[in-house]
Amino acid sequence: MTEPRGPVDSSRVPRFAGPATFARLPRLDEVGRCDIAVVGVPFDAGVSYRPGARFGPSGVREASRLLRPYNPGLDVSPFAALQVADAGDIACNPFDIGDAIETIEHTMGELISDGTRPLTIGGDHTIALPLLRAQSRRHGPVAVLHFDAHLDTWDTYFGAEYTHGTPFRRAVEEGLLDTEALSHVGTRGPLYAKKDLAEDRRLGFGIVTSGDVLRRGVDEVVDALRQRIGDRPLYVSVDIDVLDPAHAPGTGTPEAGGLTSRELLEILRGLAGANLVGADVVEVAPAYDHAEITSIAASHVAYDLIGLLALTGKGLPSWRH
Ligand SMILES: N=C(N)NCCCC(=O)O
Ligand SMILES: [Zn+2]
Ligand SMILES: [Zn+2]
């Protein structure tokens, strides 16, 4: 077996030179096949407020130039352990949500058909539905850990069923999720009505609010999440608006009182050893960003998710503390 081809060496080619693949990794067509693929989905026709997440993939790739090969938080060098590559963007229809969803589902299904595990960069949260369809077809119903200010289990907006506020309700209705193991983390902010919470619970979700993270602390939250997940096939979806607008201003539906990027990264690191089958980072809208704050945070979240994907199957049933 040949050694994985890693990122461009930043001590030889300055990290600000050349085209931006994620973390300066090779493109998939340069390496032929890969174990972990970074995939962009530049789609934002499903948003209810500020548009702009279609520029998320390019924003996050640009901000990922500074990432280095060794992840001390997870004690892993993901790009040396496995072949990680940038598979480019899924070109989907910006004028027809149904058509875009089909394209995303189909393209992702093909990509993961040989066991490749994806880290997807959105795009608005609508894309979680076709991504979960592809995962569920391969693995059966998956556990979901959903980091988000919002529930995203609402029913419709203006009569539309496929939007960035509705993917997880559709996913439960379609039987894509393991309803024994669904959690939202970082939930906060105003809802439409109290029944939103009752309906969300009925769909099977448990909630760790942003206030819970503050009061209970990262370690206790991680323990609870790990217990709920066990060794089930797990999909992690990170809406960057789970972070406080101070940590992620560049997003479409910001809500005050969110997690810090430190809290989010520490919770993710607590998931080391989980049976992660795929993950996404969505809702980065660079036009509302300042100093790349949001894109940098998202690139680090994506990097840690890749670290978790690289540790999948290593079977680490317990974690430090
Ligand atoms: N998925 C995200 N980011 N936002 C959903 C917000 C839906 C609403 O406007 O009520
Ligand atoms: Zn959200
Ligand atoms: Zn969301």
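Both ligands and their constituent atoms are indexed starting at 1 by order of listing. For clarity, every value in this text was computed on a predicted model and none was experimentally measured. Numbers here simply count residues along the sequence, with the first being 1.
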Any salt bridge linking [X] with [Y]? Criterion: basic side-chain nitrogen under 4.0 Å from a carboxylate oxygen.
| X | Y | result |
| --- | --- | --- |
| Asp124 | Arg50 | no |
| Glu161 | Arg169 | no |
| Arg33 | Asp114 | no |
| Glu105 | Arg137 | yes |
| Arg27 | Asp86 | no |

* Can you name the one residue among Val242, Asp244, Leu265 that meets side chain to side chain contact (heavy atoms under 4.5 Å, CB included) with Leu259? ->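 The residue from Val242, Asp244, Leu265 that satisfies side chain to side chain contact (heavy atoms under 4.5 Å, CB included) with Leu259 turns out to be Val242.
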
Residue-level breakdown please: for [X] versus ligand 1, do any non-hydrogen atoms fall below 4.0 Å on the side chain, on the backbone, on both, or on neither?
| X | result |
| --- | --- |
| Thr251 | neither |
| Glu283 | side chain |
| Val47 | neither |

* Asked: Hey, what do you get for CG (Leu67) to NE2 (His300), rounding to the nearest 0.5 Å?
  ->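 Between Leu67 CG and His300 NE2, I get 5.0 Å after rounding to 0.5 Å.
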
* To do: Have a look around the Zn ion (ligand 3) and list protein N/O/S atoms under 2.8 Å, or say none.
  =>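 Protein N/O/S atoms under 2.8 Å of the Zn ion (ligand 3): His125 ND1, Asp148 OD2, Asp152 OD2, Asp239 OD2.
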
* For atom 5 (C) of ligand 1, which protein heavy atom lies nearest, and how many Å away is it? ->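 Of every protein heavy atom, Asp152 OD1, 3.3 Å lies nearest to atom 5 (C) of ligand 1.
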
* To do: Considering heavy atoms of the protein only, find what lies nearest to atom 4 (N) of ligand 1 and give residue, atom and distance to 0.1 Å.
  =>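 Ranking protein heavy atoms by distance from atom 4 (N) of ligand 1, first comes Thr253 OG1, 3.1 Å.
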
* In terms of side-chain heavy atoms, does Ser237 have a donor or acceptor partner in His125 at a distance below 3.5 Å? ->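 Side-chain D/A pair, Ser237 to His125: present.
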
* **Shortest reach to atom 10 (O) of ligand 1 by a heavy atom, considering only Tyr49, Phe168, Tyr192, Trp154** =>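 Residue with the shortest heavy-atom distance to the ligand atom: Tyr192.
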
